[in-house]
Number of protein chains: 2
Amino acid sequence: MARGKAPTFELQRAAMLRAAAGLFAEKGFHNASMSAIAQACGVSKPLLYHYYRDKEHLLFDIADSYIDELLAIVASVEARKLGPEAHFSELVTRFMEEYEHAQDHHMVLVQDVKFLKEVQAESVAAKQRRVVAAFADALARVEPGLKGRKLDKAVTMILFGMINWTFTWLRADGPLTFHDMAPIVTGIFLNGVRGLMRGEGAGVAVSGAAADA
Amino acid sequence: MARGKAPTFELQRAAMLRAAAGLFAEKGFHNASMSAIAQACGVSKPLLYHYYRDKEHLLFDIADSYIDELLAIVASVEARKLGPEAHFSELVTRFMEEYEHAQDHHMVLVQDVKFLKEVQAESVAAKQRRVVAAFADALARVEPGLKGRKLDKAVTMILFGMINWTFTWLRADGPLTFHDMAPIVTGIFLNGVRGLMRGEGAGVAVSGAAADA
DNA sequence: CCTACCGATCGGTAGG
DNA sequence: CCTACCGATCGGTAGG
């Protein structure tokens, strides 16, 4: 990656990426100007363009590097060869910890990736599917019955909803931290899925919905 | 509201609001042009400005009318005086049904409301807090113990995560519908919260995290 | 004096 | 690595 480049090159790029992620997250991709990003990291606009071909290149690098980070977490958890339940809750915990210091990157991934062009968007989407698949597999090891009822995809996405939605409401200065959220999410989710599988659907015909799917 | 206005006035406005919601949802507020909105509903741009003072007025009306719709659902469910569990699951079901035909409005509310100016943003946020409070109250009636453990806020937002995240992945042409999601969400959530309260935290010290909060 | 409506173009700023 | 710019398109409004 940094082949033949000055050692400061990657540092400079990283600073620009951070500034861009912060502004994209706060103002949105189309409402954040390249001048503002340049200003935020104390360089001229032409210098910013020396490091990044165009605005979309910044966006792609933010999303791509962040999802690589998430895939690295998945790989490092898998390497530990934990039991099904420990593996699953470790995944959730490590993700929540990552989220804590990657809020800008995560918000960009969620809200701005749709502005990438087809090829780049698909490249990011493919990596996202690998992350989702890792969680779905971890879940299937804990609760194998879900697949037979065709609920595995929906239930995995419900889990992502629980953890990803935290970005919309959890404040850094609040009483709860991202770290605190991990056991709460894991607890509700695993107990909930077990209850669902036992058919305790709060008086609602859950199996009917699954059969329709 | 429609005092002295021609009967077509409100219809014309509604058509423009729908077109704007569709484009804001698809392209984002700052990437959707007033020209494109005008074109989408077959009127000239000046005519669009005759109905809506400016672009932000459109955004506010989309968000405000939609959240009024959600508050109306809350009121209509409360009017039925159901038991705690039926009330709660009816809330979730009615919201998921509303989401099914209000995807554009919901996406705008989630992703674009931050572009409103202070006064209008606060007006929308205040109504959103009333919706959240209604769910928190409904949950407290089902599971009173949450409040004592200061988990009520976090757990309510986890529920919103479960239902609101569906917008990012649920496809209209997929096997599952928004309607199918209601009993699955309710089942996982209520069983999960009960398990959490019984202390079945998947081997994790949940109560410890709550005590820190 | 109102609502409804158009062709043309304004001042200002985006990405590059 | 800067100042100085461009083609285009933005949100919003003029006259009629």
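First the proteins, then the strands, lettered A, B, ... as listed; each starts at 1.
- Near DNA chain C, meaning a heavy atom under 4.0 Å from it, residues 16-43 of chain A has A:Ala32, A:Ser33, A:Met34 in order of number.
- Sorted by first and then second residue, the salt bridge (Lys or Arg N to Asp or Glu O under 4.0 Å) pairs involving residues 63-75 of chain A (not counting sequence neighbours) are A:Asp64-A:Lys127, A:Asp68-A:Lys127.
- Partners of A:Phe178 according to the ring-ring contact (aromatic ring centres under 6.0 Å, His included) rule, which considers only residues two or more places apart in sequence or in another chain, are A:Phe167.
- Taking a pair as Watson-Crick or G-U with both hydrogen-bonding distances under 3.5 Å, no stem of three or more pairs touches DNA chain D.
- Minimum atom distance to the side chain of B:His50 is reached by C:dT3, of the listed D:dT13, C:dT3, D:dC1.
- The salt bridge (Lys or Arg N to Asp or Glu O under 4.0 Å) analysis of residues 14-43 of chain B, with sequence neighbours excluded, yields no pairs.
- Shown for residues 52-62 of chain B: no residue has heavy atoms falling under 4.0 angstrom of DNA chain C.
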Please report, to 0.1 Å, the donor-acceptor pairs under 3.5 Å made by any side chain of residues 156-165 of chain B, with sequence neighbours excluded.
from	atom 1	to	atom 2	distance (Å)
B:Thr156	OG1	B:Asp152	O	2.7
B:Asn164	OD1	B:Tyr99	OH	2.6
B:Asn164	OD1	B:His106	NE2	3.3
B:Trp165	NE1	B:Thr168	OG1	3.3

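- For the segment residues 107-123 of chain A, the set of residues with a heavy atom within less than 4.0 Å of an atom of DNA chain D is empty.
- Taking the side-chain contact (heavy atoms from CB on, under 4.5 Å) definition, one finds that A:Arg13 meets it with A:Phe9, A:Glu10, A:Tyr51, A:Tyr52, A:His57, A:Asp61, sequence neighbours left out.
- Residue pairs satisfying the salt bridge (Lys or Arg N to Asp or Glu O under 4.0 Å) criterion with at least one member in residues 34-53 of chain A, sequence neighbours excluded, are absent.
- For residues 92-108 of chain A, no pair satisfies salt bridge (Lys or Arg N to Asp or Glu O under 4.0 Å), with sequence neighbours left out.
- With sequence neighbours excluded, the residues that form a side-chain contact (heavy atoms from CB on, under 4.5 Å) with A:Pro84 are A:Arg141, A:Val142.
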